Amino acid sequence: MSVSLILALGLAVLGYVIAPRRALAVAGGDARTLAALPRQYGLNALLAVLVPSFAILIAGTLAGAGAYLGWTILVVAVVGFAGSLFKITPDYRARTHAENWIKLILIAASVVAILTTVGIVFSMLFEARNFFSQYDWKDFFLSAEWSPNFRGNSSLGILPLLWGTLYISFIALVFAVPIGLFAAIYLSEYASRRMRSVTKPAIEILAGIPTIVYGLFALVTVGPFLRDYFAAPMGFGGSASSVMTAGLVMGVMLIPFVSSLSDDIINAVPQTMRDGSLALGATKSETIRQVVIPAALPGIVGATLLAASRAIGETMIVVLGAGAAARLSLNPFEAMTTVTVKIVSQLTGDTDFASPETLVAFALGMTLFVITLCLNVLALLIVRKYREQYE
Amino acid sequence: MKDTPMTNAKISAKGVDVHYADTHAIKDVNVEIADKTVTAFIGPSGCGKSTFLRCINRMNDTIDSCRVTGDIRIDGEDIYDAKVDPVQLRAKVGMVFQKPNPFPKSIYDNVAYGPKIHGLARNKAELDEIVEKSLRKAALWNEAKDRLLSPGTGLSGGQQQRLCIARAIATAPEVLLMDEPCSALDPIATAQVEELIDELQKSFCVVIVTHSMQQAARVSQKTAFFHLGSLVEYDDTDKIFTNPEDPRTESYISGRIG
Ligand SMILES: Nc1ncnc2c1ncn2[C@@H]1O[C@H](COP(=O)(O)OP(=O)(O)OP(=O)(O)O)[C@@H](O)[C@H]1O
Ligand SMILES: [Mg+2]
């Protein structure tokens with residue numbers, strides 16, 4: 001098979017070299033009488049060989065066809081090669097044909113993106129259905145107890161996990177949205193160009209830090225700090241792992257996300273709007289408060305929702321910052337955990353993919369997927385509505 | 001610090017130069033603009049009319065690359081003096097822009113914006129009155145009175161421009177700068193705005209930039225002709241249009257340059 005692939009590649013290159021000469025020959029040496037530039041005949045020949053052979057390769061591999069795949073690829077390559085060479089006449093629109101091949105490649109790429117999403121959803125749905133055939137959905141969605149037990153008879157209620165997820169995300173957003181937004185306002189409205197060229201990349205560096213590093217920061221710095229200076233003196237308990245720790249650190253992680261989205265949104269508010277307000281004798285901060293922010297508000301809400309769906313999906317920071325104990329409690333200095341952490345812990349180690357204790361991970365994943373999907377759709381709807389405003 | 005003004009001009013500019021980075025946009029402009037008159041700025045595109053207009057309310061401060069030098073006084077007070085707060089100045093010198101730019105707020109809130117910021121109304125009733133009066137003056141009241149709470153951005157282009165005019169006069173400025181206020185308007189709305197300008201002239205000092213000679217001739221008493229950043233000629237409107245002194249003015253108004 002690899003031999004025929006190499007042959008196909010060779011044919012493609014050969015076509016790329018030969019086709020322009022042949023086109024010129026057909027035209028009697030005068031390129032101007034051709035329907036396309038000579039090199040476009042070459043491009044067309046190249047694509048006519050490559051695209052079908054690769055399509056066959058992928059389709060064949062997926063379908064599990066073994067023995068004849070190599071031959072099929074070779075045949076297709078030869079047909080493409082010969083076809084594109086023999087069709088060359090002065091009127092043959094190689095340019096349009098090459099265009100069609102390119103379009104085909106682009107369509108294929110987007111189909112792959114969509115199909116993988118669909119595939120992910122289906123595999124989750126399938127396993128989640130298995131779970132619900134073994135475990136009552138009412139117990140799953142409505143029970144406040146989470147105590148998996150690998151010998152069977154577990155209580156698998158999602159509520160404590162969902163509570164942990166929402167609590168931590170809430171704290172993260174309360175922290176990240178104002179700071180991110182104010183940073184964005186400073187950067188886009190007040191900072192001089194030089195200040196901006198330093199500050200903006202500095203904030204964006206935060207976005208490049210892997211979340212596990214944030215997790216370590218939570219574990220060794222923020223957690224003990226909060227315990228020693230807040231939780232213990234105020235009598236909230238002595239746990240370094242806490243909702244507060246994870247929430248704060250997650251908030252730090254989200255700041256660059258919120259600020260760079262808000263920055264774009266604030267910059268999209270037309271300058272004429274600010275001029276209008278300034279010309280009426282409003283100060284800069286009045287203008288920002290009363291004109292810029294209201295105009296950008298839908299976009300900012302959209303950014304917040306996107307940040308929320310990132311917070312909900314975050315795992316590493318929670319494991320290291322908030323611990324792994326499922327608990328329904330209001331105390332922010334207590335260890336709690338989230339849906340994603342439990343998905344990981346249910347699936348790690350020696351697992352039997354038929355027991356509800358393992359399959360619950362898919363039901364949890366599905367629930368999260370639905371929640372973040374709703375948030376994203378909501379965010380997109382709001383952002384789109386905002387876009388229409390300045391058409 | 002009030003120097004005795006040489007004349008009773010409302011606005012007086014001496015040796016004003018404006019640079020944008022490398023562009024020398026305004027070159028040594030001297031002009032005295034009288035109160036309670038309409039002064040028209042005319043000239044080919046890019047000659048610096050908007051730039052000069054924006055000097056009068058210091059809107060050029062918002063452009064980083066822009067440098068203004070020279071001396072501009074309003075009521076004898078140097079507006080580029082360090083002691084002058086541009087925010088206060090702009091409350092006194094209103095501006096209507098070339099492109100209508102209503103805020104994405106209700107029509108009512110658009111007009112009430114300035115009065116609210118400057119605390120011009122003591123209560124809701126007074127504010128209502130200011131809004132109504134301004135909208136009436138801007139010839140928008142009849143179209144807008146039933147939809148005061150719908151967004152200003154939902155109005156047509158011409159209505160939006162009249163809304164911006166209403167917004168500017170609601171702040172009760174002493175000087176009103178208008179940068180091609182009618183470029184987006186149909187002839188009827190234009191006539192209404194011109195009527196409004198006539199009306200405003202009784203109480204304000206109005207400066208209007210326009211590309212329409214007819215409009216300049218109709219509404220203004222004084223006309224300034226700009227060319228390539230210089231003030232070429234400044235005189236009574238009648239004189240400029242019937243008997244200009246400078247050949248460049250003559251060619252422009254007869255349609256040979258620009
Ligand atoms: N923000 C800016 N940055 C740099 N240069 C500018 C800026 N605004 C205007 N200029 C330049 O200054 C000169 C005068 O521009 P201005 O807008 O004042 O012209 P104008 O007479 O109002 O023209 P128009 O009739 O087309 O509105 C032009 O050469 C223009 O390119
Ligand atoms: Mg202009």
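If you're wondering where the values come from, they're calculated on a predicted model, not measured in any experiment.
Residue A:Phe170 places its CZ atom among 12 or fewer non-hydrogen atoms of other residues, nucleotides or ligands, all under 6.0 Å distant. A:Arg196 CZ: more than 12 foreign heavy atoms inside a 6.0 Å radius. Enclosure of atom CZ in A:Phe230 is not indicated, since only 12 or fewer non-hydrogen atoms of other residues, nucleotides or ligands lie within 6.0 angstrom. Taking a 6.0 Å sphere around CD of B:Glu129, one finds it holds 12 or fewer heavy atoms contributed by other residues, nucleotides or ligands. Taking a 6.0 Å sphere around CD of A:Glu189, one finds it holds more than 12 heavy atoms contributed by other residues, nucleotides or ligands. The environment of CZ in A:Phe182 is sparse: at most 12 heavy-atom neighbours from other residues, nucleotides or ligands sit within 6.0 Å.
Here OG1 of B:Thr62 is found 6.5 Å from CG of A:Leu278. Values are rounded to the nearest 0.5 Å.
Only the side chain of B:Asp64 comes within contact range of chain A, judged by heavy atoms closer than 4.5 Å. Contacts of A:Arg274 with chain B are absent, with no heavy-atom separation under 4.5 Å from either backbone or side chain. Heavy atoms of A:Ser192 lying under 4.5 Å from chain B are absent altogether. At a 4.5 Å heavy-atom cutoff, the contact between B:Val93 and chain A is made by backbone atoms alone.
With hydrogens and angles ignored, the 3.5 Å screen pairs a side-chain donor or acceptor of B:Asn101 with a backbone N or O of A:Thr272. At least one donor-acceptor pair under 3.5 Å links the side chain of B:Lys105 to the backbone N or O of A:Gln290.
For the pair B:Pro102/A:Met273, no side-chain contact is recorded, criterion being any heavy-atom separation below 4.5 Å from C-beta on. Between A:Leu280 and B:Ile117 there is no side-chain heavy-atom pair separated by less than 4.5 Å.
Within the structure, the ring-ring contact (aromatic ring centres under 6.0 Å, His included) test picks out the following pairs touching residues 113-138 of chain B (sequence neighbours left out): B:Phe103-B:Tyr113.
The most heavy-atom pairs under 4.5 Å with chain A, out of B:Met59, B:Met95, B:Arg58, B:Arg54, come from B:Met59.
Contacts with chain A (heavy atom to heavy atom, under 4.5 Å) involve no residue of residues 133-141 of chain B.
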